[in-house]
Amino acid sequence: MRLRKSLALFISLSLSATAMIGCSSGDSSKDTKEGVTEIEFWAAPNPTQQAFWKDMAEEFNKEHSDIKVNVSAIKESPTSEASIQSAIAAKKAPTMSENINRGFGALLSESKAIVPLNKLEGFDKLVKTRQMTETIESWKSADGNQYIFPIYSNSMLFGWRLDILKELGYNEAPKTYSEVLDVVQKLKEKYPDKYLWAKPDLADPTAWKRWFDFFMLYNAASDGNAFVDGSKFVGDKEAGLDVFNFVKSLVDKDAVLTAQVTDPFETGVGIFTDVGPWTPGSTWKEKYPDLVYGETYTLSLPPVPDDRDPSNAKTFADAKGIVIYASATKEEQAAAMEFLTWVYSNPDTDMKWLEDTDLPPARDDLGTNEAFASYFEQKPFMKAYADTVAKGVPPMENSKYNEIQTIIGQNAFNKIVKGQITPEQAWKDMVNAIEGELK
Amino acid sequence: MRKTSNGMGWLFTSPYILFGIIFFVIPIVWSFFLAFTDWNLISPEFNFVGIDNFIEAITSQSVQSAFVNTYKFLIIYVPIVMALSLTVAMVVNGLPKFKGFFLIGFFLPYLSSGVVTSLIVNGILSYNGPLNTFLREKLSFNIDWLGTPIAAVLIVSIMIAWKFAGYYGLILFSGLSGIEKEIYEAAAIDGASRWQTFWKITIPMLYPALYTVLILAIGVSFGIFTEVYQLTGGGPDFATNTWQMEIFTNAFTNLQAGYSSAIALIAAVVTFVSIYIVRKLIELWGRRNGWE
């Protein structure tokens with residue numbers, strides 16, 4: 001009897017202890033050698049980026065006996081932003097992390113969770129050394145500080161099916177709205193079942209999808225207008241209406257397909273779509289080797305209203321950078337800045353980044369610096385992205401960017417694409433809803 | 001002696017109590033706390049906002065759509081899954097052998113990933129897929145399946161019904177196996193038709209299993225997420241937006257911990273009340289058929 005009771009007691013205690021251990025936060029603090037500052041770097045949940053940062057940390061650690069950089073990936077469950085939020089709430093934030101866009105950066109800076117990098121020693125020199133004075137300008141916060149160090153900037157471009165354009169009698173991508181509408185006219189005459197823009201996302205209200213349709217066109221039409229400045233809506237009404245009217249014209253001409261469709265651009269159902277550098281570099285290379293830059297497709301900046309200069313068109317930049325967290329000690333923050341300076345003091349590092357990830361480094365001289373010439377010779381389509389780095393407008397700097405972009409979709413863009421609303425009404429509804437959200 | 005027994009009892013139940021406290025009690029208390037604040041979990045400062053989050057949620061178009069859509073899914077999905085699972089149970093019950101084999105086969109969709117199923121459905125419904133190409137070219141029928149509100153709701157409902165039919169069929173099959181053969185034999189002697197036997201014997205005798213399956217199916221209607229997240233994003237025009245989509249978007253995309261907690265609490269109350277009402281209605285029907 002006593003033995004059975006003891007056994008039961010042991011099992012109960014073991015189960016309770018297991019539960020307690022399972023629920024523990026798993027304190028990752030390690031024994032640190034005296035005089036060594038250990039910092040945690042969270043890399044994007046992308047294998048190529050993780051590998052890059054692990055290599056960098058390994059090299060850095062070899063050369064620096066007083067700093068140790070540990071690299072791990074940001075958990076993407078449920079989202080990388082939510083993982084960072086949980087870590088901050090649990091007081092387990094790393095010293096620094098990448099994969100931060102301007103919108104999330106605004107939330108972090110408003111919440112005083114990250115430090116202004118320009119207040120840290122060595123930052124100004126780093127910006128000059130990395131040749132990014134012009135590119136970093138659009139990342140400046142409304143309070144004049146620089147909270148994010150941009151590491152890459154994908155100026156999104158539109159892909160055009162050059163082979164189909166040639167069949168229609170064009171040798172290059174159209175650049176203005178009128179030219180695009182001419183192409184549509186000829187396309188529907190020759191191929192009634194083909195569309196200009198075939199993409200289900202156009203009718204999807206998910207916030208981030210507006211970066212790859214509305215903001216590409218809007219940045220081109222408005223010369224990169226900020227849309228929201230602090231807590232004020234400052235959208236360019238004329239440019240916004242131009243975009244909405246252009247999309248409505250396409251819808252009226254049956255040139256937009258929002259039904260579920262598999263690889264519409266690649267299969268030729270649509271002849272126009274947004275293309276990021278990762279698509280030709282990996283997806284098309286493996287799955288659609290017949291798509292060849294300059295032969296079957298070409299890349300161009302977004303089309304603009306007829307009265308604007310297409311060669312100066314701005315576009316949306318899918319751009320992210322590094323932040324240093326306020327919860328880190330002064331020593332850790334200084335060590336993080338030293339790591340950052342070490343990584344970006346040499347263009348070879350950006351070259352390695354480019355080769356590993358196909359993400360254009362956020363530098364002003366990417367298209368002109370000889371250090372990158374060999375890469376662009378091997379991948380000519382990447383030159384188009386490199387040349388437009390400075391024309392890329394990063395996401396809006398507002399902590400409510402998700403809500404605002406959902407409103408753009410739900411109240412305006414999605415409805416126009418579905419032919420449910422006039423451009424004027426869409427703009428009015430959208431502005432009212434955004435201003436209500438910003439109050 | 002009594003004192004010792006109580007102590008041992010508490011000790012034996014301690015793992016479950018501990019589990020309950022950590023995974024149920026603390027999160028619920030935490031959710032209540034968050035729901036009355038404007039905290040984003042990042043800022044060191046936050047304000048108590050009273051019932052503002054609840055008012056904002058109740059007046060929000062997207063939350064209202066989640067409320068209505070749940071009942072739309074319930075009305076469409078529950079009859080489909082009940083009919084399918086009952087068919088599975090009766091077909092397998094009527095087989096002379098290999099019942100276990102077929103039951104496992106029907107159960108397999110329950111183990112399938114919602115993400116994978118959604119990808120397959122996406123491919124089937126693709127504009128340039130075989131189905132739509134055939135419909136367009138041979139029948140001149142062109143439809144944007146997931147872009148049409150009623151079609152989108154129907155497709156999501158069918159997907160979830162397909163997933164759960166085998167699982168519920170298993171429960172109903174065990175219920176069918178428990179009905180005495182003599183009752184059917186007596187009905188046959190009395191000249192009852194198959195139709196009468198089904199409605200007057202099988203369905204009433206299956207009440208305990210049907211009760212379980214109905215409550216489970218209704219519970220599923222309140223928890224729809226993966227299929228909608230993957231296929232429609234809650235659209236078109238909020239037509240497939242659900243409670244779980246609202247909670248996920250506000251908690252993990254918009255990072256509004258307070259507001260999403262308020263939505264979660266409203267969803268919990270709506271779910272509890274709805275299931276309670278349905279349960280009472282089923283029990284009323286059960287009592288009329290002799291089940292106390």
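If you're wondering where the values come from, they're calculated on a predicted model, not measured in any experiment. Proteins come first, then strands; the chains are lettered A, B, ... in the order of their sequence lines, and each starts at number 1.
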**Fill in**
When rounded to the nearest 0.5 Å, the distance separating OG1 of A:Thr79 from CZ of B:Phe248 is 6.5 Å

**chain B contact via A:Asp204 - which portion, at a heavy-atom distance below 4.5 Å** = side chain

**Request:** Indicate yes or no: at least one non-hydrogen side-chain atom of B:Ile42 is less than 4.5 angstrom from one of A:Leu108.
**Result:** yes

**Request:** Compare all side-chain heavy atoms of A:Gln420 with those of B:Asp237 and state whether any distance is below 4.5 angstrom.
**Result:** yes

**Item:** Heavy-atom contacts under 4.5 Å, residues 95-102 of chain A to chain B
**Value:** none

**Request:** Using non-hydrogen atoms and a 4.5 Å limit, figure out which bit of A:Ile84 sits close to chain B: side chain, backbone, both or neither.
**Result:** neither

**Item:** Residue A:Tyr325 versus chain B: region with a heavy atom under 4.5 Å
**Value:** neither

**Prompt:** Should the heavy atoms of other residues, nucleotides or ligands under 6.0 Å from NZ of A:Lys248 be counted, would the total exceed 12?
**Reply:** no

**Request:** Give a yes or no on whether B:Tyr16 atom OH has more than 12 heavy-atom contacts from other residues, nucleotides or ligands under 6.0 Å away.
**Result:** no

**Asked** B:Leu146 versus chain A, heavy atoms under 4.5 Å apart: side chain, backbone, both or neither?
**Response** side chain

**Asked** Checking A:Tyr401 against chain B: side chain, backbone, both or neither under 4.5 Å from a heavy atom?
**Response** neither

**Message:** At a 4.5 Å cut-off on heavy atoms, which part of A:Thr406 comes close to chain B: side chain, backbone, both, or neither?
**Reply:** neither

**Request:** Specify which of B:Ile17, B:Thr148, B:Asn122, B:Asn142 makes the most heavy-atom pairs with chain A at under 4.5 Å.
**Result:** B:Asn122

**Item:** Under 4.5 Å from any heavy atom of chain A - which part of B:Thr232
**Value:** backbone

**Item:** Distance, nearest 0.5 Å, that separates CD of B:Gln256 from CG of A:Leu107
**Value:** 9.5 Å

**Asked** Are more than 12 heavy atoms from other residues, nucleotides or ligands located less than 6.0 Å from atom CZ of B:Phe225?
**Response** yes

**Request:** Heavy atoms only, distances under 4.5 angstrom: which of A:Lys209, A:Gln410, A:Lys418 has the most pairs with chain B? Name it, please.
**Result:** A:Gln410

**Request:** Step by step, work out the side-chain contact (heavy atoms from CB on, under 4.5 Å) result for A:Glu81 and B:Thr253.
**Result:** CA-CA 8 Å; A:Glu81 287 84 2; B:Thr253 306; over 6 Å; no

**Message:** Using heavy-atom distances under 4.5 Å, tell me whether A:Glu110 contacts chain B through its side chain, its backbone, both, or neither.
**Reply:** neither

**Request:** Give a yes or no answer on whether the side chain of B:Asn128 reaches the backbone of A:Thr262 with a donor-acceptor pair at less than 3.5 Å.
**Result:** yes

**Asked** Out of A:Thr258, A:Leu257, A:Thr206, which one racks up the most heavy-atom pairs below 4.5 Å with chain B?
**Response** A:Leu257

**Message:** Is it the case that atom NZ in A:Lys428 sees more than 12 heavy atoms from other parts of the structure closer than 6.0 Å?
**Reply:** no

**Asked** Looking at CD of A:Gln260 and CG of B:Asp144, how far apart are the two atoms once the value is rounded to the nearest 0.5 Å?
**Response** 7.5 Å

**Intermediate values then yes/no, side-chain contact (heavy atoms from CB on, under 4.5 Å), B:Leu255 and A:Lys400** = CA-CA 9 Å; B:Leu255 304 176; A:Lys400 290 191 171 179; over 6 Å; no

**Item:** Other residues, nucleotides, ligands: >12 heavy atoms within 6.0 Å of B:Phe33 CZ
**Value:** yes

**Request:** Compare every heavy atom of A:Ser111 with every heavy atom of B:Pro44, then report the nearest pair and how far apart it is.
**Result:** CD-O, 3.1 Å

**Atom pair CZ (B:Phe252) and OG (A:Ser80), whose distance is rounded to the nearest 0.5 Å** = 13.0 Å

**Item:** Neighbour count >12 (heavy atoms, 6.0 Å) for atom CG, B:Leu108
**Value:** yes

